[in-house]
Amino acid sequence: MATVTENQHAALLARHRAVLPDWLATYYAKPIELTHGAGRHVWDAEGNRYLDFFGGILTTMTAHALPEVTAAITEQAGKILHSSTLYLSRQAVELAERIARLSGIPDARVFFTTSGTEANDTALLLATSYRRSNQVLALRNSYHGRSFSAIGITGNASWSPTSLSPLQTLYVHGGVRTRGPYAHLSDAEFIAACVADLEDVLGQAGGQVAALIAEPVQGVGGFTSGPDGLLAAFKEVLDRHGILWITDEVQAGWGRTGDHFWGWQAHGQAGPPDILTFAKGIGNGMSMGGVVARAEVMNCLTANSISTFGGSPITTAAALANLGHLLDHDLQGNARRVGGLLRSRLESLAASLSIVREVRGRGLMLGVELVEPGTDIPSATAAGLVLEAAREHGLLIGKGGRAGNALRIAPPLSLTVAEAEEGATALGAALKEAQAALESAGAGGADSAAQGGTPA
């Protein structure tokens with residue numbers, strides 16, 4: 001395959017900047033153009049090969065150019081690409097049946113969308129209509145999409161460009177375990193404190209709250225989470241008040257955490273959520289999202305509605321093939337096994353590095369929080385240096401966190417042990433280079449949180 005020259009690459013970047021919004025974030029001082037991929041690797045337009053540890057922002061869930069998905073897309077493209085929900089779709093019905101069974105929600109109904117943002121929008125529409133209230137609970141440090149309503153429930157200022165919203169959002173503690181006023185508490189004490197905070201917020205709400213929306217593992221927030229069981233404890237409170245629980249599984253779903261198929265199942269003692277949203281990985285790169293809710297909630301809308309592109313023939317064909325591959329090859333189990341090995345390797349590396357504050361996460365959804373050397377001060381500069389150095393070592397990773405100081409590691413779920421070792425070695429080298437650069441510069445003073453991370 002022909003590669004572009006440095007001048008051609010620079011020309012494309014100039015065209016990008018001339019015609020696309022200034023606020024459209026890109027990675028790297030010299031953004032790269034990815035042209036093709038296979039398995040867990042991708043290539044850029046200049047011919048460089050990378051081990052992909054970010055998977056198109058957790059979207060390439062199984063593998064790049066997975067034969068089953070490619071074949072399904074090709075076959076369907078030769079028949080019909082589009083029809084809309086005004087017509088029956090065999091693939092959409094079959095996919096909805098499978099997802100309804102997998103969701104754990106009784107008497108579940110499924111509505112397909114084109115993205116996680118749209119899925120969360122729909123969940124908010126359902127919850128506020130069902131409860132006849134525009135009051136919504138959300139976790140601090142959260143991110144649920146870029147639409148007007150989704151921004152209104154985002155608890156991360158780096159990704160909330162406006163305070164205007166159709167919703168009244170009430171933020172509660174619980175998304176971050178190792179920072180904040182409850183960080184010093186034991187898990188049981190942390191959960192109790194967060195429940196007390198929830199009760200206190202509800203006591204001041206002054207009306208009927210519609211729902212709590214929560215990511216079991218916060219994505220853009222830097223792969224943070226509360227202790228297992230926290231959301232179950234929240235649900236006991238929510239149930240007493242008739243408040244719905246929406247679990248945002250856009251990033252944590254489909255077995256990525258290894259221990260569970262859905263992130264909510266780490267908090268499943270109180271039963272399944274009322275509404276579940278999904279997207280990203282199910283389409284393996286195709287534009288696919290959706291909402292699962294018990295029938296009583298899903299059917300509460302009284303006006304007509306359709307989806308022009310949600311659940312199209314080609315996206316549902318791809319999603320069916322992708323989901324089948326994931327289940328048939330136990331990629332959840334692979335995420336648990338290889339993810340556990342990768343986390344152990346990262347923890348070993350971190351033990352000798354003063355810029356690493358914490359390695360966290362589970363399965364193939366791992367976060368590495370970076371600080372100024374020898375301090376507890378978040379360092380977006382360190383994250384930026386590691387991101388660049390990792391690319392130089394042939395590794396693509398993500399970043400996030402409220403201060404833009406967390407590395408996000410989320411490879412396709414088919415990652416091999418050898419690739420995990422290769423990635424850990426590359427990341428270790430990048431971390432050491434970043435620490436050396438910061439130490440030699442005498443890096444002092446807190447980084448600006450406004451430097452932020454790229455959303456997932």
Side-chain angles (χ1 to χ4, degrees), residues 103 105-111 113 116-156 160 162-175 194-216 218 226 230-250 263-264 267 270-279 289-303 305:
S103 73
I105 296 174
D107 193 20
R109 304 295 171 91
V110 181
F111 176 76
T113 67
T117 292
E118 190 187 347
N120 285 331
D121 252 1
T122 303
L124 293 169
L125 172 64
L126 292 171
T128 55
S129 298
Y130 183 80
R131 291 279 291 162
R132 297 188 176 277
S133 168
N134 74 334
Q135 290 186 325
V136 175
L137 294 160
L139 296 184
R140 299 181 184 192
N141 198 52
S142 59
Y143 177 86
H144 298 284
R146 58 165 179 74
S147 68
F148 188 47
S149 61
I151 286 169
I153 56 167
T154 287
N156 184 327
S160 184
T162 177
S163 62
L164 300 175
S165 175
L167 303 168
Q168 181 186 358
T169 306
L170 310 168
Y171 293 102
V172 296
H173 286 287
C194 290
V195 168
D197 174 61
L198 172 62
E199 294 271 24
D200 183 64
V201 169
L202 289 175
Q204 300 179 52
Q208 177 171 281
V209 174
L212 165 74
I213 184 167
E215 304 159 273
Q218 294 185 324
L230 172 65
L231 297 180
F234 277 0
K235 189 173 188 297
E236 292 181 7
V237 177
L238 302 178
D239 286 348
R240 290 203 305 271
H241 294 271
I243 299 169
L244 302 179
W245 171 22
I246 305 170
T247 183
D248 178 344
E249 301 281 349
V250 169
W264 74 260
H267 310 268
D274 300 289
I275 304 174
L276 179 152
T277 62
F278 63 85
V291 183
V292 189
R294 52 190 171 89
E296 179 186 9
V297 176
M298 183 67 83
N299 294 333
C300 75
L301 302 183
T302 56
S305 190

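Distance alone, capped at 3.5 Å, is enough to place a donor-acceptor pair between the Tyr171 side chain and the Thr154 backbone. A donor-acceptor contact shorter than 3.5 Å links the side chain of Gln218 to the backbone of Arg140. The backbone N or O of Gly152 sits less than 3.5 Å from a side-chain atom of Thr169, completing a donor-acceptor pair. With hydrogens and angles disregarded, no donor-acceptor distance shorter than 3.5 Å links the side chain of Glu215 to the backbone of Ser142. Here the side chain of Thr122 pairs a donor or acceptor atom with the backbone of Glu118 at under 3.5 angstrom. In this structure, the side chain of Thr277 does not engage the main chain of Val291 through any donor-acceptor pair within 3.5 Å. Of the possible donor and acceptor atoms, one in the side chain of Glu249 sits under 3.5 Å from a partner among the backbone N and O of Trp264. A distance-only check finds a donor-acceptor pair linking the side chain of Asn120 to the backbone of His144 [under 3.5 Å].
Residues passing the side-chain contact (heavy atoms from CB on, under 4.5 Å) test with Ser129, sequence neighbours excluded: Leu125, Cys300, Leu301. Legend: residues meeting side-chain contact (heavy atoms from CB on, under 4.5 Å) with Glu236, ordered by chain and number and at least two apart, are absent.
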Please evaluate residues Trp245 and Asp239 with respect to the criterion side chain to side chain contact (heavy atoms under 4.5 Å, CB included), reporting the C-alpha separation (whole Å), side-chain torsions for both, the decisive distance (0.1 Å), and the verdict.
CA-CA 9 Å; Trp245 171 22; Asp239 286 348; over 6 Å; no

Quick one: do Arg131 and Val136 satisfy side chain to side chain contact (heavy atoms under 4.5 Å, CB included)? Show the steps, please.
CA-CA 10 Å; Arg131 291 279 291 162; Val136 175; over 6 Å; no

Checking Leu139 against Val172 for the side chain to side chain contact (heavy atoms under 4.5 Å, CB included) test, could you report, in this order, the C-alpha distance in whole Å, the side-chain angles of both residues, the deciding distance, and whether it holds?
CA-CA 5 Å; Leu139 296 184; Val172 296; 3.6 Å; yes

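Thr128 approaches Asn134 most closely through the heavy-atom pair CG2-CA, 4.1 Å. Across all their heavy atoms, Phe278 and Ala119 have their closest contact at O-CB, 3.9 Å. A pairwise comparison of heavy atoms in Arg109 and Asn299 identifies NH1-ND2, 3.4 Å as the closest pair. The minimum heavy-atom distance between Leu198 and Phe234, with the atom names listed, is CD2-CD1, 3.6 Å. The two residues Pro216 and Thr247 have their closest heavy-atom pair at CG-OG1, 3.4 Å. Considering all non-hydrogen atoms of both residues, Leu231 and Ala214 come closest at CD2-CB, 4.1 Å.
By the 6.0 Å contact criterion, CZ on Arg146 is open, its count of non-hydrogen atoms from other residues, nucleotides or ligands being 12 or less. At most 12 heavy atoms of other shown residues, nucleotides or ligands fall within 6.0 angstrom of atom CZ in Arg132.
Judged by distance alone, the side chains of His173 and Asp197 never bring a donor and an acceptor atom under 3.5 Å apart.
Going from atom CD1 of Ile243 over to atom CG of Leu137 covers 5.5 Å, rounded to the nearest 0.5 Å. The distance from atom OH of Tyr143 to atom OG1 of Thr117, rounded to the nearest 0.5 Å, is 5.5 Å. Summarising the geometry, atom CG belonging to Leu126 is positioned 5.5 Å from atom CD1 belonging to Ile275; distances are rounded to the nearest 0.5 Å. Taken to the nearest 0.5 Å, the CG atom of Leu212 stands 10.0 Å off from the CG atom of Leu244.
Side-chain contact between Ser103 and Pro272 is absent, with no heavy atoms from C-beta onward closer than 4.5 Å.
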